[in-house]
Protein chains: 2
Amino acid sequence: MSLVTDAADKPTLYKRIRADIEKRILTGEWPPGHRIPFEHELVARYGCSRMTVNKALSELAQADLIERRRRAGSFVRRPQHMSAVLKIADIRAEITALGRAYGYELIGRKLRAATAADRDRLGVKKAGKVVAITCRHSADNVPFAVEDRLIDLSSVPDAATADFSREPPGSWLLHHVPWTEAEHTISAIVADDHTADALAIAVGAPCLVIDRYTWRSARTITAVRLLYPGDSHRLVARFKGG
Amino acid sequence: MSLVTDAADKPTLYKRIRADIEKRILTGEWPPGHRIPFEHELVARYGCSRMTVNKALSELAQADLIERRRRAGSFVRRPQHMSAVLKIADIRAEITALGRAYGYELIGRKLRAATAADRDRLGVKKAGKVVAITCRHSADNVPFAVEDRLIDLSSVPDAATADFSREPPGSWLLHHVPWTEAEHTISAIVADDHTADALAIAVGAPCLVIDRYTWRSARTITAVRLLYPGDSHRLVARFKGG
DNA sequence: TACGATTATATGTCTAGACATATAAGTCAA
DNA sequence: TTGACTTATATGTCTAGACATATAATCGTA
């Protein structure tokens with residue numbers, strides 16, 4: 001079997017080279033640790049210039065599929081840690097993607113000077129104003145998740161006057177504060193009286209909890225806790241790479 | 001302010017160009033939708049050849065930070081959906097990373113012809129042999145997670161003779177079957193008698209559940225269910241991008 | 001044998017061009 | 001006004017070189 005596919009040059013050359021190598025790695029023909037042909041060998045094999053194979057190999061290296069070492073060559077990477085790309089979509093998008101009717105209801109909204117608990121939750125030192133929002137998302141009129149959010153107004157002053165009775169704060173923030181970073185913590189709890197009531201489930205029923213803390217270049221933006229009925233909701237993540 | 005940093009050329013030129021642009025995007029100086037200077041403008045600004053700025057821009061495009069459109073130019077991408085990279089490490093690695101002593105205990109191991117339930121769980125049609133493994137991971141001698149796993153022997157025949165009394169099946173598989181794909185489902189349950197006993201928690205306590213289904217180029221490898229005490233375990237994911 | 005200096009080599013980066021191609025924008029006719 | 005045609009242009013890909021640099025391998029020496 002030759003490295004060169006005899007298919008017509010439908011995609012570009014460097015993409016064909018990249019795909020050829022990627023296939024060999026993914027099928028296990030070239031196992032972890034295997035040395036990939038040197039650039040000059042690939043140049044000879046594909047009859048192209050070195051920049052072209054270099055581009056293919058560079059992209060494979062950027063995708064962590066191979067490791068390149070000077071003087072030694074390029075090697076199939078040994079899979080290290082499983083990493084799953086967990087897409088945490090806008091809840092509205094998530095529900096409509098399931099083909100269900102999205103419903104939103106603002107339960108409470110308070111503008112206040114940050115309490116000690118607020119500051120702790122947002123991870124900020126200085127006093128300032130915050131908006132605290134409680135709301136509920138539903139799918140086909142069945143409670144889907146309850147949201148308890150705190151927004152730091154010193155970072156997002158516009159949030160003080162935003163109308164959260166129609167638009168969920170998550171969507172609003174997504175459109176007003178781009179390129180944030182966040183940290184998610186996922187855990188499980190059992191529903192207390194208050195939660196059970198909000199989600200219309202039994203007290204003691206399992207709930208999935210997502211705590212998300214969002215910032216933007218060292219400035220705290222928001223902290224949110226999402227509670228899902230544990231037996232009905234699923235977080236699904238596909239991942240690739242051993 | 002000039003695009004060109006006056007810092008000495010410590011990193012390479014294309015990396016400086018990439019970093020310059022990335023900084024402007026991440027700080028919001030160039031908001032989503034903003035058009036990045038044309039390649040020929042960057043060529044003039046940095047005094048280099050087009051291939052060099054092209055490499056910088058190509059990498060930014062590969063990282064989904066910008067979008068490149070022929071004839072139109074390059075634009076800062078509008079953040080679409082939040083995606084979190086959830087690193088699901090080997091449990092042993094996870095525990096030792098926390099500075100705690102890792103403990104492993106094989107509870108049960110059965111080699112059998114696949115039952116209907118097994119086939120359903122693995123998503124395979126044909127009959128075949130499987131290994132069913134139950135084991136427990138502990139941190140500082142406290143139960144950390146219980147694992148209930150099924151391995152398809154038609155895909156991984158070596159698993160029939162592997163010694164899982166010392167090495168956890170997850171680690172073993174990671175070293176014997178690289179480059180897999182998987183799907184995770186995360187949910188919450190409350191502990192039943194059996195689970196409570198295995199995790200040394202109270203019946204009715206919350207548990208975090210991770211179901212992972214792993215395959216390799218259309219061949220089923222393994223299905224595993226991991227149960228964590230919901231109040232003690234956290235899945236943490238950092239992510240970037242609005 | 002062990003260690004330090006030298007050399008060979010694969011990758012890393014870069015240039016100054018070239019042609020291809022998709023497409024935004026402008027032009028012109030129905 | 002609308003639709004079809006043309007043109008200008010930014011990106012996409014590629015070449016045939018070049019020098020830089022880290023380092024594996026070799027060689028020489030203590």
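All chains are named by letter (A, B, ...) in the order of the sequence lines, taking the proteins before the strands, and each is independently numbered beginning at 1. The analysis underlying the following values was restricted to heavy atoms, covering all of them including side chains, and did not include hydrogens, waters or symmetry mates.
Checking B/Tyr46 against B/Asp20 by side-chain atom types alone, a donor-acceptor pair falls below 3.5 Å. Side-chain polar atoms of B/Asp90 and B/Ser171 form a donor-acceptor pair below 3.5 angstrom.
Distance B/Arg16 CZ to C/dG12 C1': 16 Å, rounded to the nearest Å. Taking atom CE on A/Met51 and atom P on D/dC14, their separation rounds to 11 Å, with Å as the unit. One atom, CD1 of A/Ile17, and another, C1' of D/dT13, lie 12 Å apart when rounded to the nearest Å. Taking atom CD1 of A/Ile66 as the reference point, atom C1' of C/dA10 lies 13 Å away to the nearest angstrom. If you take CZ of B/Arg35 and C1' of C/dA24, they are 13 Å apart, rounded to a whole angstrom. Distance CD (B/Glu67) to P (D/dG12): 11 Å, rounded to an integer number of Å. Straight-line distance from the CG atom of A/Asn54 to the C1' atom of D/dG17: 14 Å, rounded to whole Å. The CD-P distance, from A/Gln62 to C/dG12, rounds to 12 Å in whole Å.
Between C/dC14, C/dA10, C/dT11, one nucleotide has an atom nearer to the side chain of A/His40 than all others, and that is C/dA10. Side chain of A/Cys48, nearest nucleotide from C/dC14, D/dT15, C/dG12: D/dT15. Among C/dG12, C/dT15, D/dG12, the nucleotide with an atom closest to any side-chain atom of B/Arg50 is D/dG12.
Note on B/Ser74: only backbone sugar-phosphate atoms sit closer than 4.0 angstrom, heavy atoms only; bases stay farther off. Within 4.0 Å (heavy atoms only), B/Leu57 reaches no atom of the nucleic acid at all.
Put simply, B/Lys15 has no side-chain N or O that comes within less than 4.0 Å of OP1 or OP2 on C/dG12. Contact check, A/Arg68 against C/dG12: a side-chain N or O comes under 4.0 Å of OP1 or OP2. Phosphate proximity of C/dC14 to B/Lys55: absent, as no side-chain N or O sits under 4.0 Å from OP1 or OP2. Side-chain N/O atoms of B/Thr52 include none lying less than 4.0 angstrom from OP1 or OP2 on C/dT13. Under 4.0 angstrom from either OP1 or OP2 of C/dG17 there lies no side-chain N or O belonging to B/Ser49.
A donor and an acceptor atom never sit less than 3.5 Å apart when one is taken from the side chain of B/Arg70 and the other from the base of C/dT23. A donor-acceptor contact under 3.5 Å is not formed by the side chain of B/Arg71 with the base of D/dT11.
A/Phe75 approaches A/Arg69 most closely through the heavy-atom pair CE1-NH2, 3.5 Å.
A tilted orientation is assigned to the rings of A/Tyr213 and A/Trp215, their planes being inclined by 30° to 60°.
In summary, the aromatic rings of A/His137 and A/Phe144 are positioned with their centroids too far apart to meet the 6.0 Å limit.
Residue B/Gly73 is the one, among A/Arg69 and B/Gly73, whose nearest nucleotide of DNA chain D lies closer to the 5' end (criterion: closest heavy atom).
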